[in-house]
Amino acid sequence: MLVVVAHACPGVLALPTTTPFAVRRAEPSDLPALAATRRASWWATYRGVVPEAELRSMDDRRTVGRMAQAQRSSLQRLLVVEDRPGTPLGYAWTGPHREGHAGHRGEIYELYLHPLALGRGAGRQLLTSAIWGLVEQGLHPVWVWVLAANPARHFYAACGGAPMGQGRVTVGGRTLTRLAFGWGTVLPLPLGPR
């Protein structure tokens, strides 16, 4: 377990949070709620950005299957953020960097909150826990991709993510711009239980 003292670590960025949330590893029983959270987040965030047919084709059972497979991996992790035990507000899916970008070893593949949980600090605490989980695995520096059309893209910069570039991705037959943010020498201060 890493212990960080903010005044002794000039590379640590202290981020305020409004409510303490618990972040823990996902259990198999969490997966249906996490898949539903992913779907709700996509509908709230990407309606009008990705083709509606893509949103309608989202299948919670397929998502649960992918998540269950990730749980069997020794390198991938699914983290849940909750305000009450058994009530997931969102999740982060992390693991080794998939594209081998210069020097980045860890990646946050997905980070979604239920739309009703936005603006309460749960996302910040979840992101911070995800980054430090990757650090503990030796998968650092950390990287995340976010669609440029996502209104929450500024969240990553506000949490200390440095812009690392951009690329293109095709979603539902539509080519979209995506932005990369990374955490290398400056990490957000861990907050609350992980």
Side-chain angles (χ1 to χ4, degrees), residues 1 21-46 49-82 85-101 104-115 117 122-123 125-147 150 152 155-156 161 164 167-176 178-183 193-194:
M1 179 173 180
F21 296 92
V23 177
R24 61 174 174 78
R25 296 280 293 264
E27 300 289 335
S29 61
D30 295 317
L31 301 186
L34 302 185
T37 294
R38 182 180 188 272
R39 182 175 29 83
S41 180
W42 270 65
W43 273 95
T45 305
Y46 298 127
V49 175
V50 302
E52 191 161 319
E54 182 70 15
L55 297 173
R56 290 186 189 283
S57 72
M58 294 183 80
D59 182 339
D60 287 357
R61 289 174 304 198
R62 191 170 52 231
T63 301
V64 166
R66 288 181 32 240
M67 290 176 169
Q69 184 176 9
Q71 285 189 307
R72 292 188 291 273
S73 166
S74 63
L75 294 176
Q76 293 185 27
R77 291 186 180 168
L78 278 169
L79 301 175
V80 173
V81 63
E82 56 189 15
T87 309
L89 301 175
Y91 73 93
W93 185 341
T94 68
H97 194 274
R98 295 176 289 191
E99 297 178 26
H101 189 272
H104 284 81
R105 299 188 62 213
E107 182 173 353
I108 299 169
Y109 307 139
E110 296 183 5
L111 190 147
Y112 294 111
L113 289 181
H114 192 281
Q125 192 154 345
L126 178 60
L127 176 66
T128 300
S129 293
I131 291 168
W132 281 94
L134 287 163
V135 169
E136 289 171 352
Q137 287 179 271
L139 298 173
H140 176 260
V142 177
W143 174 281
V144 66
W145 284 106
V146 60
L147 290 181
N150 184 335
F155 161 78
Y156 297 100
M164 303 300 293
R168 307 291 278 169
V169 63
T170 302
V171 180
R174 187 175 291 169
T175 302
L176 302 169
R178 63 183 183 163
L179 307 172
F181 293 90
W183 291 265
R194 292 191 353 237

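We're numbering straight along the sequence, starting at 1.
- A donor-acceptor pair under 3.5 Å is absent between the side-chain atoms of Tyr109 and the main chain of Ala92, judged by distance alone.
- Atom CD of Gln76 is separated from atom CD of Glu107 by 10.0 Å, given to the nearest 0.5 angstrom.
- Going from atom OG1 of Thr87 over to atom CZ of Phe21 covers 12.0 Å, rounded to the nearest 0.5 Å.
- Taking 4.5 Å as the limit, every side-chain heavy atom of Trp183 sits out of range of all side-chain heavy atoms of Thr128.
- In this structure, the side chains of Leu111 and Leu126 come closer than 4.5 Å at one or more pairs of heavy atoms.
- A distance-only check finds a donor-acceptor pair linking the side chain of Gln137 to the backbone of Leu75 [under 3.5 Å].
- In this structure the side chain of Tyr156 never reaches within 4.5 angstrom of the side chain of Leu179, judged on heavy atoms.
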> Given Leu79 and Trp93, is the side chain to side chain contact (heavy atoms under 4.5 Å, CB included) satisfied, shown in steps?
Replying inline: CA-CA 6 Å; Leu79 301 175; Trp93 185 341; over 6 Å; no
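- The two residues Leu34 and Ala26 have their closest heavy-atom pair at CD1-CB, 4.1 Å.
- Of all non-hydrogen atoms in Trp43 and Glu52, the two that sit nearest each other are CH2-CG, 3.9 Å.
- Two residues are said to be in side-chain contact when any heavy atoms from C-beta on lie closer than 4.5 Å; Ile131 and Thr94 fail this criterion.
- If you take CZ on Arg178 and CH2 on Trp145, they are separated by 4.0 Å, rounding to the nearest 0.5 Å.
- When side chains are defined from C-beta on, Val169 counts as touching Leu147, because their heavy atoms get closer than 4.5 Å.
- In this structure, Val142 and Phe181 have side chains that are not in contact, with every pair of non-hydrogen atoms separated by 4.5 Å or more.
- In this structure, the side chain of Glu82 does not engage the main chain of Leu89 through any donor-acceptor pair within 3.5 Å.
- Put simply, the side chain of His140 does not reach to within 4.5 Å of the side chain of Leu134, judged on heavy atoms.
- With hydrogens and angles ignored, the 3.5 Å screen pairs a side-chain donor or acceptor of Thr45 with a backbone N or O of Ser41.
- Pairing each heavy atom of Pro88 with each of Ala33, the nearest pair is CG-CB, 4.3 Å.
- Judged purely by atom type and a 3.5 angstrom limit, Thr63 uses its side chain to pair as donor or acceptor with the backbone of Asp59.
- Residues Ala180 and Trp143 come closest through the heavy atom pair CB-CZ2, 3.2 Å.
- One finds no salt bridge joining Glu54 and Arg174 here, because no Lys/Arg side-chain nitrogen approaches an Asp/Glu carboxylate oxygen to under 4.0 Å.
- Leu176 is not listed as a side-chain neighbour of Thr170, based on a closest heavy-atom distance of 4.5 Å or more.
- A donor-acceptor pair is defined here as one N or O able to donate and one able to accept, closer than 3.5 Å; no such pair exists between the side chain of Arg105 and the backbone of Pro96.
- Of the listed residues (Arg66, Arg77, Arg98), just one forms a salt bridge (Lys or Arg N to Asp or Glu O under 4.0 Å) with Glu110, and that residue is Arg66.
- Counting all heavy atoms, side chain and backbone alike, Tyr91 lies closest to Leu78 at CD1-CD2, 3.9 Å.
- Listed by chain and residue number, nothing satisfies the ring-ring contact (aromatic ring centres under 6.0 Å, His included) test with Phe155 (two or more places apart in sequence, or in another chain).
- In this structure, Asp30 and Arg25 approach most closely via the heavy-atom pair OD2-O, 4.5 Å.
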